[in-house]
Protein chains: 2
Amino acid sequence: MCSPQTQLAEVDAMKLTTKGRYAVTAMLDLALHGQTGPVSLAEISVRQEISLSYLEQLFSKLRRHGLVTSTRGPGGGYSVSRELGDVAVSEIIGAVNESVDATQCAGKENCHSHGRCLTHDLWEGLSAQIEEFLSSVSLQDMIDRHRVHSSSVRQEEVIVQQPFV
Amino acid sequence: MCSPQTQLAEVDAMKLTTKGRYAVTAMLDLALHGQTGPVSLAEISVRQEISLSYLEQLFSKLRRHGLVTSTRGPGGGYSVSRELGDVAVSEIIGAVNESVDATQCAGKENCHSHGRCLTHDLWEGLSAQIEEFLSSVSLQDMIDRHRVHSSSVRQEEVIVQQPFV
DNA sequence: GCATAACCCACCAAATTAGTCAAGTATTAT
DNA sequence: ATAATACTTGACTAATTTGGTGGGTTATGC
């Protein structure tokens, strides 16, 4: 990012876009409806109003990252491949945001003299914190927290037990 | 988002893109160099390698949101309008990501029967947490934390004093 | 007055996102 | 076997966002 030839340079920081939201939404649908067996993308497409082809793109990446497993044939579909508590939101978002990432100035080469690099470091630090935060939230967490929240339980618990260590 | 006419519907959730990063970076530059007076966009442009015109776009929004004040004429420039501890990262990112947002299904209208809305709620919950997290980090926090981190002080402090309450 | 800088605006090229379409391949219930 | 179901792949496109140009206008310190 600091070398001249890499003009704008995507550091592979956590990106929060609708793409990631679609992926998380779909994974949540899978988590909620997948107890009895595989869930077809067609079902998810209808329930979540995401186009089937777009879901195929997303799940192709999710599968390559080992987050879901597929079952072919009639009655087939996708299943979450691990326990819900072991699937972090950051993994889901990271999986669908994967890029070829060829042009990356790995590490910090000549990045110590310019004023840019201090702010660069500061942003990296924040970025790392966001990622750490999203790493600490699993699908199970999201479901549990919602359950607690939507019932008339005290808010205190929800706020105190934040995932950030 | 749940009504049929709103197909994809941007809920105004926190978006983490390069645009927001540019804004935070520029604000940090302002914070670090603005002690002696206003800082011109030209300076920031050189230091942070962001085009002047793009900075103008960003600061136009930052100014309209009251995060910076401008001083015209020679020796002029921008200043952070509040104390650094009072400027949250979430405000900066939110300011530059403002959208006209006309087509929005405000509130939750007919959103209680479909399966979509549970996952929708779950995402909203996470989104709120991310926003809350970013709200708790100020420019001053970022600078302080970096200072602590870059000197050879124990890591413990940094980890323990996380901004998330 | 003049250079400096904020401000404003319309327009644009490239990249990314989101979605479509079509032709496959694999699995399995029957 | 075979049809049905479901996943795979890739090319293609529309919409949006990103980042930038280039033209100007206004305010102000010297």
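A, B, ... follow the sequence lines: proteins, then strands. Residue 1 opens every chain.
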For atom CG of B/N97 and atom P of C/dT17, their distance in whole Å: 14 Å
Between A/Y78 and D/dT8, is there a contact of a side-chain N or O with OP1 or OP2 at under 4.0 Å? yes
Residues B/R47, B/V39; criterion side-chain contact (heavy atoms from CB on, under 4.5 Å); working and verdict: CA-CA 12 Å; B/R47 274 194 298 263; B/V39 180; 3.6 Å; yes
Return the value, rounded to whole Å, for the distance between atom CG of B/L62 and atom P of C/dA6. 13 Å
Do any N or O atoms of the protein come closer than 3.5 Å to N or O atoms of nucleotides 27-30 of chain D, and which pairs are they?
none

Here's a test of your reading of the structure: between A/T17 and B/L52, which maps to the more 5' nucleotide of DNA chain C? B/L52
If you check the A/S51 side chain, which of D/dC7, C/dG19, D/dG19 turns out closest? C/dG19
Between B/R63 and C/dC7, does any side-chain N or O lie under 4.0 Å from OP1 or OP2? yes
Per B/K19 side chain, nearest of listed nucleotides D/dT9, C/dT16, D/dG19: D/dG19
N/O donor to acceptor pairs below 3.5 angstrom from side-chain atoms of residues 57-70 of chain B, sequence neighbours left out:
{"from": "B/S60", "atom 1": "OG", "to": "B/R64", "atom 2": "NH1", "distance (Å)": "2.9"}
{"from": "B/S60", "atom 1": "OG", "to": "B/R64", "atom 2": "NH2", "distance (Å)": "3.4"}
{"from": "B/K61", "atom 1": "NZ", "to": "B/V96", "atom 2": "O", "distance (Å)": "3.4"}
{"from": "B/H65", "atom 1": "ND1", "to": "B/K61", "atom 2": "O", "distance (Å)": "3.0"}

Within this structure, what is the OH-to-P distance between A/Y54 and D/dC7, rounded to whole angstrom? 18 Å
Between atom CG in B/L30 and atom P in C/dA6, what is the gap in whole Å? 11 Å
Separation of atom CG in B/L16 from atom P in C/dT16, rounded to whole Å: 17 Å
d(CG, A/L58; C1', D/dT9) in whole Å: 15 Å
Kindly indicate whether the side chain of A/E56 and the base of D/dC7 share any N or O donor-acceptor pair separated by less than 3.5 Å? no
In residues 36-46 of chain A, which residues come under 4.0 Å of DNA chain C by heavy atom? none
Working to the nearest 0.5 angstrom, can you tell me the gap between A/L126 CG and B/R21 CZ? 11.5 Å
Using salt bridge (charged side-chain N to carboxylate O under 4.0 Å, His left out) as the criterion, list what pairs up with B/E56, not counting sequence neighbours. none
Salt bridge (charged side-chain N to carboxylate O under 4.0 Å, His left out) partners of B/R72, counting only residues at least two apart: none
CD of B/Q48 to CG of B/L41, rounded to nearest 0.5 Å, is 12.0 Å
By the 4.0 Å heavy-atom rule, please label B/S53 as base, sugar-phosphate, or nothing. base
Given B/L55 and B/S45, is the side-chain contact (heavy atoms from CB on, under 4.5 Å) satisfied, shown in steps? CA-CA 7 Å; B/L55 281 175; B/S45 174; 3.8 Å; yes
If only side-chain N and O atoms of A/K15 are considered, is one of them under 4.0 Å from the OP1 or OP2 phosphate oxygen of C/dT17? yes
To the nearest Å, how far apart are A/Q57 CD and C/dG19 C1'? 8 Å
How many angstroms lie between atom CD1 of A/I130 and atom CZ of B/F133, to the nearest 0.5 angstrom? 6.0 Å
Look at all strands and tell whether A/F59 reaches a base, only sugar-phosphate, or nothing, counting heavy atoms closer than 4.0 Å. nothing
Here the gap from B/Q129 atom CD to B/L134 atom CG, rounded to the nearest 0.5 Å, amounts to 12.0 Å
Solution key, residues 82-94 of chain B side-chain donor-acceptor pairs under 3.5 Å, sequence neighbours excluded:
{"from": "B/R82", "atom 1": "NH1", "to": "B/D86", "atom 2": "O", "distance (Å)": "2.9"}
{"from": "B/R82", "atom 1": "NH1", "to": "B/E91", "atom 2": "OE1", "distance (Å)": "3.1"}
{"from": "B/R82", "atom 1": "NH1", "to": "B/E91", "atom 2": "OE2", "distance (Å)": "3.2"}
{"from": "B/R82", "atom 1": "NH2", "to": "B/E91", "atom 2": "OE2", "distance (Å)": "3.0"}
{"from": "B/S90", "atom 1": "OG", "to": "B/S135", "atom 2": "OG", "distance (Å)": "3.1"}
{"from": "B/E91", "atom 1": "OE1", "to": "B/A88", "atom 2": "N", "distance (Å)": "3.2"}

Starting from P on C/dC7, measure out to NZ on B/K61 and report it in whole angstrom. 16 Å
N/O (side chain, B/R21) to phosphate O (OP1/OP2, D/dG19) under 4.0 Å: no
